[in-house]
Amino acid sequence: MCLGIPGRLTGIEEQDGLRVGTVDFGGVRKQVCLAYTPQAGVGDYVIVHVGFAISVVDATEAQRTLAVLRAMGDVLEQELGP
Amino acid sequence: MKYLDEYRDPDLARALLAELRRVTTRPWTLMEVCGGQTHTIVRQGIDELLPGGIRMIHGPGCPVCVTPLEVLDQAMTIAQRPEVILTSFGDMLRVPGSHTDLLALRARGADVRVVYSPMDAVALARSHPDRQVVFLAVGFETTAPANAMAVRHAATLGLTNFSVLVSHVLVPPAMTAVLRAPTCRVQGFLAAGHVCAVMGWTEYEPIAAEHRVPIVVTGFEPLDLLEGILMAVRQLETGSYRVENQYARAVRREGNTAAQDAVRSVFRITDRSWRGIGAIPASGLTLTDAYAAFDAGRRFDVGSIVVREHPDCIAGGILTGDRVPTDCHAYGTACTPRTPLGAPMVSAEGTCAAYYSAGRRRAPAPGDPS
């Protein structure tokens with residue numbers, strides 16, 4: 001229950017005074033409440049937990065972490081040899 | 001999927017493990033607080049790949065597991081009323097109460113329904129004005145904003161047939177309780193990324209300083225967990241004890257302030273009993289007086305229920321990290337995910353269920369039937 005899942009925001013509308021979005025989780029689409037992520041726009045990745053987007057995924061941070069890890073892999077391979 | 005598959009790259013995992021082996025000079029014991037992280041660690045066998053001496057203890061972070069028996073028995077009492085539609089998340093339905101579970105009650109005719117979001121329960125109340133819709137509102141700080149919005153939305157819509165049975169729990173008081181236990185072996189924590197996406201990590205800073213433990217806000221993918229472990233071990237090896245953020249793509253120090261404001265407007269902090277652990281001061285949320293009309297416990301008057309735990313279940317020891325599932329005599333025999341005796345065997349986030357689905361077996365004890 002506690003897991004949040006990243007998905008891509010594909011549309012935004014208003015329902016009963018609440019901002020609601022459609023989020024695509026790798027092909028499965030669900031309606032999600034955007035009340036807590038007012039900054040989220042179409043195309044953004046959001047982390048969704050029990051029908052609510054709780055965080056917008058920072059694409060730059062995601063890529064930066066991966067870049068650090070990849071660089072570490074290269075450094076280690078060079079250090080450890082083939 | 002983007003930002004999911006990338007964090008499951010086996011080559012990068014090998015690089016992280018090699019780095020971890022390089023920096024580790026002695027044994028360390030870490031606790032991952034969140035059941036979602038326990039699931040990844042056990043399923044991927046991360047705990048078995050770590051350098052010798054680094055031990056992961058699985059913490060109390062499964063909301064299904066720590067919901068008190070009393071609340072479950074209250075939910076079951078309410079569910080048996082003919083006017084009630086009782087709603088909850090799917091994994092709550094199979095948690096054993098004192099006498100039965102919600103799924104068994106449904107089989108006997110109670111109107112128990114699974115919802116994906118508490119907002120679905122509000123929609124159900126709107127479409128069934130002649131019924132009472134009750135939502136069993138459990139979970140940590142991650143779930144509280146959703147439940148707060150459901151209550152606020154029901155109030156805005158003027159619904160009088162929607163209520164919530166609240167049993168929210170808070171992570172920082174549980175971490176403090178773990179650290180204060182005389183048997184505590186935990187030297188560092190991986191903090192739950194999605195709890196921190198909502199709450200940020202300022203509450204963790206005094207805990208890290210006072211108890212001299214590194215706390216690393218960590219995500220849920222294999223690479224997240226390996227990097228979180230590496231960051232905690234690096235701190236331990238250099239004698240530093242601060243909060244670090246591994247999960248920067250989703251978590252900021254201040255957290256989600258809009259979600260925090262909503263939670264504060266609907267809930268107040270209260271003492272809370274944790275299943276298997278007992279009472280922890282100021283470790284839960286309950287409705288404020290302004291929203292007392294939405295309290296299912298008051299509406300259906302279920303305050304005087306006497307509870308009974310299964311005597312064979314060692315959930316308390318599992319949830320505090322003192323025991324592992326394979327220590328339990330009933331594990332994998334009398335207690336399986338199909339016939340759970342206790343809550344940690346029910347949810348995918350429960351330590352016992354995680355061990356079971358990963359195929360970990362109990363060593364036969366002398367005298368066991370072969």
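Below, read A as the first sequence line, B as the second, and so on, with proteins coming before strands; counting in each chain starts at 1.
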Student: What part of B/R252 is in contact with chain A, defined as an atom under 4.5 angstrom from a non-hydrogen atom: side chain, backbone, both or neither?
Tutor: side chain
Student: Do B/Y7 side-chain atoms and A/A62 backbone N/O form a donor-acceptor pair below 3.5 Å?
Tutor: yes
Student: Which value, rounded to the nearest 0.5 Å, describes the distance between A/Q31 atom CD and B/Y116 atom OH?
Tutor: 10.5 Å
Student: Apply side-chain contact (heavy atoms from CB on, under 4.5 Å) to the pair A/E61 and B/Y3, showing each step before the final yes or no.
Tutor: CA-CA 11 Å; A/E61 281 291 346; B/Y3 308 127; over 6 Å; no
Student: What's the spacing between B/L226 CG and A/L69 CG if we round to 0.5 Å?
Tutor: 9.5 Å
Student: Set out, in order, the CA-CA distance, both residues' side-chain angles and the distance that settles side-chain contact (heavy atoms from CB on, under 4.5 Å) for B/R249 and A/T60, then state yes or no.
Tutor: CA-CA 8 Å; B/R249 65 188 184 277; A/T60 317; over 6 Å; no
Student: Compare every heavy atom of B/A146 with every heavy atom of A/V50, then report the nearest pair and how far apart it is.
Tutor: CG2-CB, 3.6 Å
Student: Would you mind telling me which of A/A35, A/G51, A/G26 has the largest number of heavy-atom pairs within less than 4.5 Å of chain B?
Tutor: A/G51
Student: For A/S55 and B/A250, indicate whether the former's side chain and the latter's backbone hold a donor-acceptor pair under 3.5 Å.
Tutor: yes
Student: Can you tell me which portion of A/L66 sits under 4.5 Å from chain B's heavy atoms? Options are side chain, backbone, both or neither.
Tutor: both
Student: Quick check for you: to the nearest 0.5 Å, what is the distance between A/T65 atom OG1 and B/L223 atom CG?
Tutor: 10.0 Å
Student: Which one, B/A258, B/A197, B/A259, leads in non-hydrogen pairs under 4.5 Å with chain A?
Tutor: B/A259
Student: When you measure from the side chain of A/Y36 to the backbone of B/P145, do you find a donor-acceptor pair of N or O atoms at a distance under 3.5 Å?
Tutor: yes
Student: Could you look at B/R152 and say if it's the side chain, the backbone, both or neither that has a heavy atom under 4.5 Å from chain A?
Tutor: neither
Student: Which bit of A/V56 is near chain B, if near means a heavy-atom gap under 4.5 Å: side chain, backbone, both or neither?
Tutor: backbone
Student: Is it the side chain or the backbone of B/E227 that comes within 4.5 Å of chain A heavy atoms, both, or neither?
Tutor: side chain
Student: Is any side-chain heavy atom of B/M119 closer than 4.5 Å to one of A/F52?
Tutor: yes
Student: Supply the atom-to-atom distance A/R70 CZ to B/L12 CG, rounded to the nearest 0.5 angstrom.
Tutor: 6.0 Å
Student: At what distance, to the nearest 0.5 angstrom, does OH of B/Y247 lie from CG of A/D58?
Tutor: 12.0 Å
Student: One pair to check against side-chain contact (heavy atoms from CB on, under 4.5 Å): A/H49 and B/H194. What are the steps and the verdict?
Tutor: CA-CA 9 Å; A/H49 174 67; B/H194 293 146; over 6 Å; no
Student: Got a second to check how far A/D16's CG is from B/H153's NE2, nearest 0.5 Å?
Tutor: 4.5 Å
Student: Measure distances from A/V48 to the heavy atoms of chain B and classify the residue's part below 4.5 Å as side chain, backbone, both or neither.
Tutor: side chain
Student: Flag yes if more than 12 heavy atoms outside B/R8 fall under 6.0 Å of its CZ atom; otherwise flag no.
Tutor: yes
Student: Heavy-atom distances under 4.5 Å only: say whether B/L4 touches chain A with side chain, backbone, both or neither.
Tutor: side chain
